[in-house]
Amino acid sequence: TFEGDMTSKNISQNNIDLIINHTLQAAFVSTITNHLPLGISVSIHLGGNPQTLRDSPQLVIGPIDLAPGVVGTGNMVRTATETENTTTLDSVDMKVFANTTLYALPVIDIAGSDGQIVRITGNDYVSIRSTVNIEYEVDDSY
């Protein structure tokens with residue numbers, strides 16, 4: 001298991017009210033690319049406290065499993081695998097957005113190679129691109 005880079009996003013109080021009190025539907029949408037010769041399982045930990053994000057996140061998206069990249073000559077990856085995912089967020093999940101700063105930490109578990117020889121190089125990587133799509137009700141009062 002290894003952790004990716006923690007990121008943070010400030011959320012204005014006006015947006016927090018719209019997100020928490022007026023959301024009609026929401027989804028976490030991600031594209032994950034695996035350019036490793038090993039399968040992976042990715043979880044995204046979300047919360048308001050960076051010190052507890054690894055072990056006690058407010059919300060965990062995943063795990064999302066990916067096959068290894070396609071291995072070619074020299075036991076090295078020649079083609080990455082990619083998956084697109086959509087996770088619906090309910091009203092309890094949306095409470096994570098009540099934090100004025102939201103932290104995200106990708107946690108990646110790496111599978112074994114089943115006895116196969118693989119080569120990991122400096123060109124291998126895992127890439128995660130994600131957004132949260134929120135549809136909320138708007139009227140003249142806000």
Side-chain angles (χ1 to χ4, degrees), residues 1-72 75-142:
T1 299
F2 71 92
E3 299 170 8
D5 295 330
M6 184 182 305
T7 60
S8 65
K9 178 71 176 165
N10 291 328
I11 304 172
S12 78
Q13 190 61 47
N14 291 340
N15 289 337
I16 290 172
D17 178 59
L18 284 173
I19 292 168
I20 301 300
N21 297 318
H22 303 284
T23 296
L24 300 174
Q25 62 183 4
F28 182 90
V29 179
S30 65
T31 302
I32 304 173
T33 304
N34 183 14
H35 195 281
L36 291 172
L38 303 163
I40 60 172
S41 181
V42 177
S43 297
I44 309 296
H45 291 209
L46 301 170
N49 184 342
Q51 283 75 37
T52 62
L53 200 54
R54 172 66 170 100
D55 296 321
S56 298
Q58 286 177 267
L59 177 62
V60 176
I61 304 293
I64 300 165
D65 297 326
L66 276 87
V70 178
V71 175
N75 298 324
M76 296 185 304
V77 174
R78 62 179 170 89
T79 305
T81 58
E82 186 172 271
T83 183
E84 294 183 9
N85 308 279
T86 300
T87 302
T88 301
L89 303 176
D90 64 24
S91 60
V92 174
D93 297 334
M94 294 302 292
K95 290 181 181 181
V96 74
F97 295 101
N99 295 293
T100 55
T101 302
L102 180 63
Y103 295 90
L105 176 69
V107 177
I108 302 168
D109 290 316
I110 301 175
S113 66
D114 292 328
Q116 300 296 316
I117 296 174
V118 295
R119 177 183 265 167
I120 297 175
T121 71
N123 294 324
D124 291 323
Y125 60 91
V126 173
S127 169
I128 303 168
R129 295 182 311 274
S130 63
T131 61
V132 174
N133 296 334
I134 301 172
E135 181 181 329
Y136 54 89
E137 180 182 2
V138 177
D139 66 29
D140 293 338
S141 66
Y142 46 89

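Computed from heavy atoms alone, side chains included, the values below leave out hydrogens, waters and symmetry copies.
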S.K.: Quick check for you: to the nearest 0.5 Å, what is the distance between Arg119 atom CZ and Ser113 atom OG?
M.R.: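 Answer for the CZ-OG pair, Arg119 versus Ser113, is 14.0 Å.
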S.K.: Taking atom CD1 of Ile117 as the centre, report whether more than 12 heavy atoms of other residues, nucleotides or ligands fall under 6.0 Å from it.
M.R.: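 Not buried by this count: 12 neighbours or fewer within 6.0 Å.
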S.K.: Just how far is it from atom CD1 of Ile110 to atom CD1 of Ile40, taken to the nearest 0.5 Å?
M.R.: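 Answer for the CD1-CD1 pair, Ile110 versus Ile40, is 8.0 Å.
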S.K.: Any chance you could measure Lys9, atom NZ, to Thr101, atom OG1, to the nearest 0.5 Å?
M.R.: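 Rounded to the nearest 0.5 Å, the NZ-OG1 separation comes out at 10.5 Å.
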S.K.: Quick one: do Asn34 and Glu82 satisfy side-chain contact (heavy atoms from CB on, under 4.5 Å)? Show the steps, please.
M.R.: CA-CA 6 Å; Asn34 183 14; Glu82 186 172 271; over 6 Å; no
S.K.: Going by side chain to side chain donor-acceptor pair (under 3.5 Å), name the residues that satisfy it together with Glu135, two or more places apart in sequence or in a different chain.
M.R.: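 Per chain and number, Glu135 pairs via side chain to side chain donor-acceptor pair (under 3.5 Å) with Gln25.
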S.K.: Side chain to side chain contact (heavy atoms under 4.5 Å, CB included) with Ile44: which of Val60, Ile61, Leu59?
M.R.: Ile61
S.K.: Is it true that the side chains of Gln58 and Asn99 contain a donor and an acceptor less than 3.5 Å apart?
M.R.: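 Yes - a donor-acceptor pair under 3.5 Å links their side chains.
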S.K.: Could you walk me through whether Phe97 and Ile11 pass side-chain contact (heavy atoms from CB on, under 4.5 Å), step by step?
M.R.: CA-CA 8 Å; Phe97 295 101; Ile11 304 172; 4.0 Å; yes
S.K.: Measure across Ser30 and Ser130 and return the closest heavy-atom pair with its distance rounded to 0.1 Å.
M.R.: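 Scanning both residues completely, I find the closest heavy atoms to be CB-CB, 3.9 Å.
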S.K.: Under the side chain to side chain donor-acceptor pair (under 3.5 Å) test, which residues partner Asp65, sequence neighbours left out?
M.R.: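 Checked Asp65 against side chain to side chain donor-acceptor pair (under 3.5 Å); matches are Ser41.
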S.K.: To the nearest 0.5 Å, what is the distance between CD1 (Ile134) and OG1 (Thr131)?
M.R.: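 Rounded to the nearest 0.5 Å, the CD1-OG1 separation comes out at 9.5 Å.
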S.K.: If a pair satisfies ring pair (Phe, Tyr, Trp, His ring centres under 6.0 Å) and one of its residues is in residues 101-132, list it, with sequence neighbours excluded.
M.R.: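 Sorted result for residues 101-132: His35-Tyr125.
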S.K.: Quick one: side chain to side chain donor-acceptor pair (under 3.5 Å) partners of Thr31, sequence neighbours excluded?
M.R.: none
S.K.: Nearest 0.5 Å please: distance from the CD1 atom of Ile64 over to the CG atom of Leu66.
M.R.: 8.0 Å
S.K.: Are any side-chain N or O atoms of Asp114 and backbone N or O atoms of Gln116, one a donor and one an acceptor, separated by less than 3.5 Å?
M.R.: no
S.K.: Please report the closest heavy-atom contact between Ala27 and Thr86, naming both atoms and the distance.
M.R.: CB-CG2, 3.8 Å
S.K.: Among all residues two or more places apart in sequence or in another chain, which pass the side chain to side chain contact (heavy atoms under 4.5 Å, CB included) test with Pro37?
M.R.: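 Val71, Val77, Val118, Ile120, Asp124.
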S.K.: Can you see which heavy atom on Ala80 is nearest to which on Thr33, and at what distance?
M.R.: CB-CG2, 3.6 Å
S.K.: Not counting sequence neighbours, which residues clear side chain to side chain donor-acceptor pair (under 3.5 Å) with His45? List them please.
M.R.: none
S.K.: Can any side-chain N or O of Thr81 pair as donor or acceptor with the backbone N or O of Ala67 at less than 3.5 Å?
M.R.: yes
S.K.: If you round to the nearest 0.5 Å, how far is OG1 of Thr23 from CE of Met94?
M.R.: 4.0 Å
